[in-house]
Asker: 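Below: one structure in C-alpha cells.
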Amino acid sequence: SSGINAEYGDNMVKQISMLYILLEHEPEIQEKMVKELREVEVNSFADLEKLEYTERCILECMRMRPSLLRGARDFKAHMKKGATEEAKFGPYVIPKELKM
C-alpha cells in the first residue's frame with residue numbers, strides 16, 4: 001500500500017539527511033566520497049557495487065544514526081510505564097513480564 005512506501009521513503013529521507021549532516025563535519029571524507037562518485041561510471045543498478053567507499057559511508061551513517069523505526073516511541077513509552085499489562089505492536093505481543 002502507499003502507506004508502507006511513504007514510511008520507507010520517510011526513513012530514507014531521514015537517513016540521507018543525516019548523511020549530509022555528518023559529511024558536513026568531515027570534509028576529508030566528503031571529498032573522498034565525491035571523488036569516487038565522479039570517477040566511477042554507474043550505468044546500471046549492478047554498477048552501484050563499484051561505489052565501495054560511498055557504500056561504507058552510508059552504512060557507517062546508518063550505524064551511527066539509525067532512523068527511528070515506526071512504533072519505537074510507543075514501545076519505549078510502554079516500557080517506561082512499568083509494563084503492567086501485555087502490549088501489542090503490530091503483529092508482535094510484548095509480555096508484561098519483560099524486563100529491559
Asker: For the residue pair Met18 and Arg65, what are the closest heavy atoms and their distance?
Answerer: CG-CB, 3.4 Å
Asker: Does anything in residues 49-58 form a salt bridge (Lys or Arg N to Asp or Glu O under 4.0 Å)? List the pairs, not counting sequence neighbours.
Answerer: Asp47-Lys50
Asker: Quick one: list whatever passes salt bridge (charged side-chain N to carboxylate O under 4.0 Å, His left out) with Arg63, sequence neighbours left out.
Answerer: Glu60
Asker: With rounding to the nearest 0.5 angstrom, report the SG to CD1 distance, Cys61 to Ile21.
Answerer: 9.0 Å
Asker: So which atom in Met33 and which in Thr54 form the shortest heavy-atom distance, rounded to 0.1 Å?
Answerer: CG-OG1, 3.5 Å
Asker: Is there a side-chain contact between Met62 and Ile58, using heavy atoms and a 4.5 Å cut-off?
Answerer: yes
Asker: Are Leu48 and Tyr53 connected in the hydrophobic side-chain network, where two residues link if heavy atoms are under 4.5 Å apart?
Answerer: yes
Asker: Could you tell me if the side chain of Val40 sits less than 4.5 Å from the side chain of Lys35, heavy atoms only?
Answerer: no
Asker: For Lys32, give me all partners under salt bridge (charged side-chain N to carboxylate O under 4.0 Å, His left out), at least two apart in sequence or on another chain.
Answerer: none
Asker: Distance check, rounded to the nearest 0.5 Å: Tyr20 atom OH versus Gln30 atom CD?
Answerer: 9.5 Å
Asker: Let me check something: do Leu19 and Leu37 share a hydrophobic cluster, defined by ILVMFWY side-chain heavy atoms less than 4.5 Å apart, either directly or through other members?
Answerer: yes
Asker: Kindly work out whether a path of hydrophobic side-chain contacts (I/L/V/M/F/W/Y, heavy atoms less than 4.5 Å apart) joins Met64 to Leu59.
Answerer: no
